[in-house]
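Single-structure report; data block below.
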Amino acid sequence: MRTPLVAANWKMNGSREFAEQFFAALDLEGATAEVVICPSFPYLPQVGEKLKGMGVALGAQNLSQETSGAFTGEVSAGMLLDFGVRYAIVGHSERRSLYGESSELVAGKFLAAQSAGLVPILCVGETLQEREAERTLEVIGSQLQAVAEAGSGNIWGSAIIAYEPVWAIGTGKTATPEQAQQVHGFIRGYLGEAGAAVQILYGGSVKSGNAATLFAQPDIDGALVGGASLDAEEFARICRAAG
Ligand code: 13P
């Protein structure tokens, strides 16, 4: 049985004050799902302090594929571990499309996270154009394959996958539970034997109003939440819907 997991991706939102208010309002009473909060880098220590004793884990939104050296502006997995980070999002579609991250680079980040002991949350997803051209599964397959080819051994054993259709991110359009389940089922099959235990999250306009029907699908194990994770009460409702 896979434990449901809900992760908040705050993206480039928030402030010191915002984090204070968010945790003052966050009440996860009744939620049994694993919960992860991914703030921007500067707020990791502040949020990490807030999370102590809450049973909620800290995640980063990105990391470098390198371990150290002359890489101005980059943050390594080791540095994240120093601040109590346990998860790192890699390959978010905003990083792929706005910052030109290739699937090969994303694979490097995935492996850098994993070899340091962080759990990578690997984002995959198709654009609207790719969906309309009926290329969804091919695109997702190739995003997964880039990681599989770069790694060796049981790489999926300590990883999380987030299916985030690009056309559903921040648009208010959610994949239907059936559309999402189709892709989640495909991903689980792709992962092979290890796949049975891997948490596969859905992301893209998840809200408390649509969370329960998504989570009812057999291969949807939780959510990666953007906009709705900035509202502590709404986020807590989504966590409760997951389990
Ligand atoms: P929204 O929930 O704002 O659509 O964002 C989803 C996302 O990109 C999470 O990583």
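Order of appearance sets the numbers: ligands from 1, and atoms from 1 within every ligand.
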What's the verdict on side-chain hydrogen bond (donor to acceptor under 3.5 Å, both in side chains) for Q143 and S103, showing C-alpha distance, side-chain angles and the deciding distance? CA-CA 6 Å; Q143 290 170 340; S103 285; 5.3 Å; no

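- The protein heavy atom nearest to atom 7 (C) of ligand 1 is E164 OE2, 3.1 Å.
- Protein heavy atom in closest approach to atom 3 (O) of ligand 1: G227 N, 2.8 Å.
- For ligand 1, the atoms lying closer than 4.0 Å to a non-hydrogen atom of H92 are 7 (C), 8 (O), 9 (C), 10 (O).
- Residues N62 and H92 form no side-chain contact, since every pair of their non-hydrogen atoms from C-beta on lies 4.5 Å or further apart.
- Distances below 4.0 Å separate heavy atoms of G170 from the following atoms of ligand 1: 1 (P), 3 (O), 4 (O).
- Shown in contact with S205 at under 4.0 Å from a heavy atom are these atoms of ligand 1, numbered in order with element: 1 (P), 2 (O), 4 (O).
- Atom numbering of ligand 1 starts at 1 in the shown order; those under 4.0 Å from a heavy atom of L224 are 9 (C), 10 (O).
- Residue-ligand proximity, A168 to ligand 1, at heavy-atom distances under 4.0 Å covers atoms 4 (O).
- Within the structure, the closest approach of G204 to ligand 1 falls below 4.0 Å when heavy atoms are considered.
- Among the candidates Y43, F41, F235, F18, the single residue satisfying the ring pair (Phe, Tyr, Trp, His ring centres under 6.0 Å) test with W10 is F18.
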Taking it one step at a time, do T3 and Q199 satisfy side chain to side chain contact (heavy atoms under 4.5 Å, CB included)? CA-CA 8 Å; T3 311; Q199 290 157 316; 4.0 Å; yes

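- For the atom pair OG (S68) and CE (M79), the distance works out to 7.5 Å, reported to the nearest 0.5 Å.
- Other residues, nucleotides and ligands place more than 12 heavy atoms under 6.0 Å from the CZ atom of R2.
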Let's go through W167 and Q129 carefully: what are the C-alpha distance in whole Å and the side-chain angles of both, what is the deciding distance for side-chain hydrogen bond (donor to acceptor under 3.5 Å, both in side chains) to 0.1 Å, and is it a yes or a no? CA-CA 9 Å; W167 49 271; Q129 203 182 16; over 6 Å; no

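- Proximity of A162 to ligand 1, defined as any heavy-atom pair under 4.0 Å, is not found for any part of the residue.
- At least one heavy atom of K11 lies less than 4.0 angstrom from ligand 1.
- Taking the six-membered ring where the residue is Trp, W156 and Y190 present perpendicular rings, their angle passing 60° and hence far from 30°.
- Distances below 4.0 Å separate heavy atoms of N9 from the following atoms of ligand 1: 9 (C), 10 (O).
- Put simply, the side chain of K207 reaches to within 4.5 Å of the side chain of S205, judged on heavy atoms.
- The nearest heavy-atom contact from the protein to atom 2 (O) of ligand 1 is G226 N, 2.9 Å.
- At under 3.5 Å, not a single nitrogen or oxygen of I169, backbone or side chain, sits near a nitrogen or oxygen of ligand 1.
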